[in-house]
Visitor: 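One structure, as structure tokens, below. Some questions next.
Since we're looking at a predicted model, the values are computed, not measured. Numbering of residues begins at 1 and proceeds along the displayed sequence.
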Amino acid sequence: MHFQFANVLVFFGLGVVLVGLMMVLGSLLRPKNPEARKLGTYECGELPTGNAWINFNIRFYVIALVFVIFDVELAFVYPVAVVFRDCWRGARDCSRWRKSGCS
């Protein structure tokens, strides 16, 4: 029983070691020549104008979150509704409901 957990621990340890190794190799191999032009904001070839810290109206975020919530809810509810529709078509009373396998 403990051997199965040891396998998970070994794979988890290997994953952590490999991620750490890749981070160290990346920091050693990448070029280190920062310039003012490289550290500036890139705006698709356009020169940046004004401050990047502007306030957005909170309504945009609220509308986006409401859309995501209802969209995800619909994605989960639709298959359930289809299954219950098929079960209710074949079951007119409670006894047939239970016999149809849709309990």
Side-chain angles (χ1 to χ4, degrees):
M1 171 100 178
H2 294 295
F3 183 70
Q4 294 171 349
F5 292 121
N7 287 338
V8 172
L9 185 62
V10 166
F11 278 112
F12 183 74
L14 278 172
V16 169
V17 167
L18 284 175
V19 168
L21 181 69
M22 294 299 160
M23 296 290 281
V24 169
L25 279 174
S27 67
L28 291 175
L29 296 176
R30 70 177 168 238
K32 297 178 181 94
N33 53 354
E35 302 172 2
R37 188 173 177 195
K38 279 186 164 183
L39 297 176
T41 306
Y42 180 70
E43 293 286 339
C44 299
E46 297 290 326
L47 294 175
T49 57
N51 191 2
W53 296 100
I54 59 174
N55 291 327
F56 285 101
N57 195 342
I58 192 70
R59 287 183 295 174
F60 296 117
Y61 298 112
V62 172
I63 290 171
L65 286 175
V66 168
F67 171 75
V68 167
I69 289 169
F70 284 111
D71 191 43
V72 169
E73 177 187 5
L74 183 66
F76 285 118
V77 169
Y78 182 73
V80 174
V82 169
V83 168
F84 279 127
R85 182 192 64 197
D86 293 342
C87 287
W88 280 106
R89 281 184 182 167
R92 299 287 180 216
D93 58 352
C94 292
S95 62
R96 289 180 61 190
W97 171 260
R98 291 188 184 134
K99 288 179 187 177
S100 66
C102 297
S103 58

Visitor: Please name the residue in the list Val17, Val10, Val16 that meets the side-chain contact (heavy atoms from CB on, under 4.5 Å) test with Leu14.
Guide: Val10
Visitor: According to a hydrophobic-cluster definition based on side-chain heavy atoms being under 4.5 Å apart (Ile, Leu, Val, Met, Phe, Trp, Tyr only), do Val62 and Phe70 belong together?
Guide: yes
Visitor: Do Phe67 and Leu74 belong together in a cluster built from hydrophobic side chains that touch within less than 4.5 Å?
Guide: no
Visitor: Quick check: is Leu18 connected to Leu9 through a chain of hydrophobic side chains (ILVMFWY, heavy atoms under 4.5 Å apart)?
Guide: no
Visitor: Give the cluster check for Val19 versus Leu28: same hydrophobic cluster or not, with ILVMFWY residues linked at side-chain heavy-atom distances below 4.5 Å.
Guide: no
